[in-house]
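These notes concern the structure reproduced below.
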Number of protein chains: 2
Amino acid sequence: MEWLKEPEKHFPPHETLKHFNDGVCVTYIQEKTELSQSTISTYLTNMEKCGLLISTRHGKWSYLKRNEETIKQFTDFLT
Amino acid sequence: MEWLKEPEKHFPPHETLKHFNDGVCVTYIQEKTELSQSTISTYLTNMEKCGLLISTRHGKWSYLKRNEETIKQFTDFLT
DNA sequence: CAAACATATTGATAAATCTCGATATATGAA
DNA sequence: TTCATATATCGAGATTTATCAATATGTTTG
């Protein structure tokens, strides 16, 4: 969640997409976390189901970005 | 944590102490949570060690109240 | 001091979570 | 259509967490 605040600072640019408008692809997140592909895929899917992340497919890649609206609701609740 | 924001609204007055200055005793919290005595004792002890609660002993009772300073640090971090 | 009460600690078990490898599915390229 | 790549799902083991009963310790009161 922290890395996704400023993707440019934490991930390399994607080979085809020239922007981070829809976030970062699963593979890059997987590499950076050093967890297995299946683990990260499950985590990200769950986080999307929770509403914390938004997933967008571009061709074979899934891009993940923060869902700021739900995140705010949640941190407001915690506070 | 929520109950301890306004103890008067969630707990009966204590038999000896006439105020909630130091919070609420373990037994009252235990009864309200409907967890076992040992479970609640462990939880409260841990929360105190984490700095989230402040424990004060008056005779045979331990009173627990929120440690607002640390709680704020924590919610700030989460936010 | 002994009994009674409040809280703490210990040891144990069931359930949940973390994590993976193997396998399945989806998608673009050859 | 087949291959290579990206992601998803399944089944399972190891670890952690939640929770308790039993027991120990601390404290007041008779």
Side-chain angles (χ1 to χ4, degrees), chain A residues 1-4 7-8 10-67 70-71 74-75 77-78, chain B residues 1-4 7-8 10-67 70-71 74-75 77-78:
Chain A
M1 299 296 278
E2 195 62 32
W3 295 335
L4 290 178
E8 330 74 41
H10 300 284
F11 299 97
H14 198 269
E15 42 183 303
T16 61
L17 242 56
K18 292 305 172 210
H19 57 78
F20 286 101
N21 296 354
D22 292 318
V24 181
C25 73
V26 176
T27 305
Y28 285 180
I29 298 176
Q30 189 247 309
E31 286 168 354
K32 200 167 167 71
T33 56
E34 297 189 66
L35 291 167
S36 77
Q37 185 270 321
S38 68
T39 299
I40 269 300
S41 173
T42 304
Y43 283 5
L44 296 175
T45 302
N46 288 343
M47 292 166 85
E48 200 220 340
K49 283 182 186 152
C50 289
L52 292 171
L53 293 178
I54 294 169
S55 174
T56 312
R57 190 132 200 168
H58 287 279
K60 31 181 192 174
W61 295 280
S62 275
Y63 291 77
L64 279 307
K65 69 175 171 186
R66 291 164 54 98
N67 186 342
T70 318
I71 292 169
F74 184 53
T75 54
F77 167 72
L78 289 175
Chain B
M1 299 295 278
E2 195 62 31
W3 295 336
L4 291 177
E8 332 74 39
H10 301 283
F11 299 97
H14 198 268
E15 43 183 302
T16 60
L17 241 55
K18 292 304 172 212
H19 57 78
F20 286 102
N21 296 354
D22 293 317
V24 181
C25 74
V26 176
T27 306
Y28 285 179
I29 298 175
Q30 189 245 309
E31 286 168 354
K32 199 168 167 71
T33 57
E34 299 188 68
L35 291 168
S36 76
Q37 185 270 321
S38 67
T39 299
I40 268 300
S41 174
T42 305
Y43 282 5
L44 296 175
T45 302
N46 288 344
M47 290 167 85
E48 200 220 341
K49 284 182 186 154
C50 289
L52 292 171
L53 293 177
I54 294 169
S55 175
T56 313
R57 203 157 189 152
H58 287 280
K60 33 180 189 172
W61 295 281
S62 274
Y63 291 78
L64 279 306
K65 68 175 171 187
R66 292 164 53 97
N67 186 344
T70 318
I71 291 170
F74 184 53
T75 53
F77 167 72
L78 289 175

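Just so we're on the same page: letters track the sequence lines, and every chain starts at 1. Excluded from the calculations below are hydrogen atoms, water molecules and symmetry mates; all remaining heavy atoms, backbone and side chain alike, are included.
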Kindly compute the distance separating [atom1] ([X]) from [atom2] ([Y]), expressed to the nearest 0.5 Å.
{"X": "I71(B)", "Y": "M47(B)", "atom1": "CD1", "atom2": "CE", "result": "8.0 Å"}
{"X": "K60(A)", "Y": "C25(A)", "atom1": "NZ", "atom2": "SG", "result": "11.0 Å"}
{"X": "E8(A)", "Y": "H19(A)", "atom1": "CD", "atom2": "NE2", "result": "12.5 Å"}

Could you go through the side chain to side chain contact (heavy atoms under 4.5 Å, CB included) check for Y43(A) and I29(A) one step at a time?
-> CA-CA 11 Å; Y43(A) 283 5; I29(A) 298 176; over 6 Å; no
Which atom names give the shortest non-hydrogen contact between W3(B) and K32(B), and what distance separates them?
->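 Smallest interatomic distance, heavy atoms only, reads CE2-CE, 3.4 Å.
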Heavy-atom closest pair, residues N67(A) and G51(A) =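 Heavy atoms of N67(A) and G51(A) come nearest at ND2-O, 3.0 Å.
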Kindly check if the number of other-residue, nucleotide or ligand heavy atoms within 6.0 Å of CD (E34(B)) is above 12?
->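 Open: at most 12 neighbouring heavy atoms sit under 6.0 Å from CD of E34(B).
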In this structure, are over 12 heavy atoms from other groups packed under 6.0 Å from F74(A) atom CZ?
->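 No, because the 6.0 Å sphere around CZ of F74(A) holds 12 heavy atoms or fewer from other groups.
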N/O contacts under 3.5 Å, protein versus nucleotides 15-17 of chain D?
none

For T33(A), check side chain to side chain donor-acceptor pair (under 3.5 Å) against everything at least two apart and list the hits.
->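 So T33(A) forms no side chain to side chain donor-acceptor pair (under 3.5 Å) with any residue.
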Can you list the residues that meet the side chain to side chain donor-acceptor pair (under 3.5 Å) rule with Y28(B), with sequence neighbours excluded?
->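 Side chain to side chain donor-acceptor pair (under 3.5 Å) list for Y28(B), sorted by chain: empty.
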Nucleotide range of DNA chain C lying under 4.0 Å from chain A heavy atoms |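 First-to-last contact on DNA chain C, by the 4.0 Å heavy-atom rule, is dC18(C) to dG28(C).
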Starting at the 5' end of DNA chain C and moving along, which residue's nearest nucleotide shows up first, G59(A) or Y43(A)?
->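 In this pair, the answer is Y43(A).
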For the helix from dC1(C)-dG30(D) to dA30(C)-dT1(D), what angle lies between the axis at the first five pairs and the axis at the last five pairs, to 10 degrees?
->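 What I find for the helix from dC1(C)-dG30(D) to dA30(C)-dT1(D) is an axis angle of 20°.
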For residues W61(B) and L17(B), determine if any side-chain heavy atom of one lies less than 4.5 Å from a side-chain heavy atom of the other.
->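 A side-chain contact is absent here, since even the closest heavy-atom pair is not under 4.5 Å.
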Under 3.5 Å, N/O pairs linking protein and nucleotides 6-12 of chain D:
unit_1, atom_1, unit_2, atom_2, d
dA6(D), O3', K60(A), O, 3.3
dT7(D), OP1, V26(A), N, 3.4
dT7(D), OP1, S62(A), N, 3.0
dT7(D), OP1, S62(A), O, 3.4
dT7(D), OP2, T27(A), N, 3.0
dT7(D), OP2, T27(A), OG1, 2.2
dA8(D), OP2, S41(A), OG, 3.1
dA8(D), N7, Q37(A), NE2, 2.9
dA8(D), N6, Q37(A), OE1, 2.7

Walk me through it: do L53(B) and M1(B) pass the test side chain to side chain contact (heavy atoms under 4.5 Å, CB included)?
-> CA-CA 9 Å; L53(B) 293 177; M1(B) 299 295 278; 3.9 Å; yes
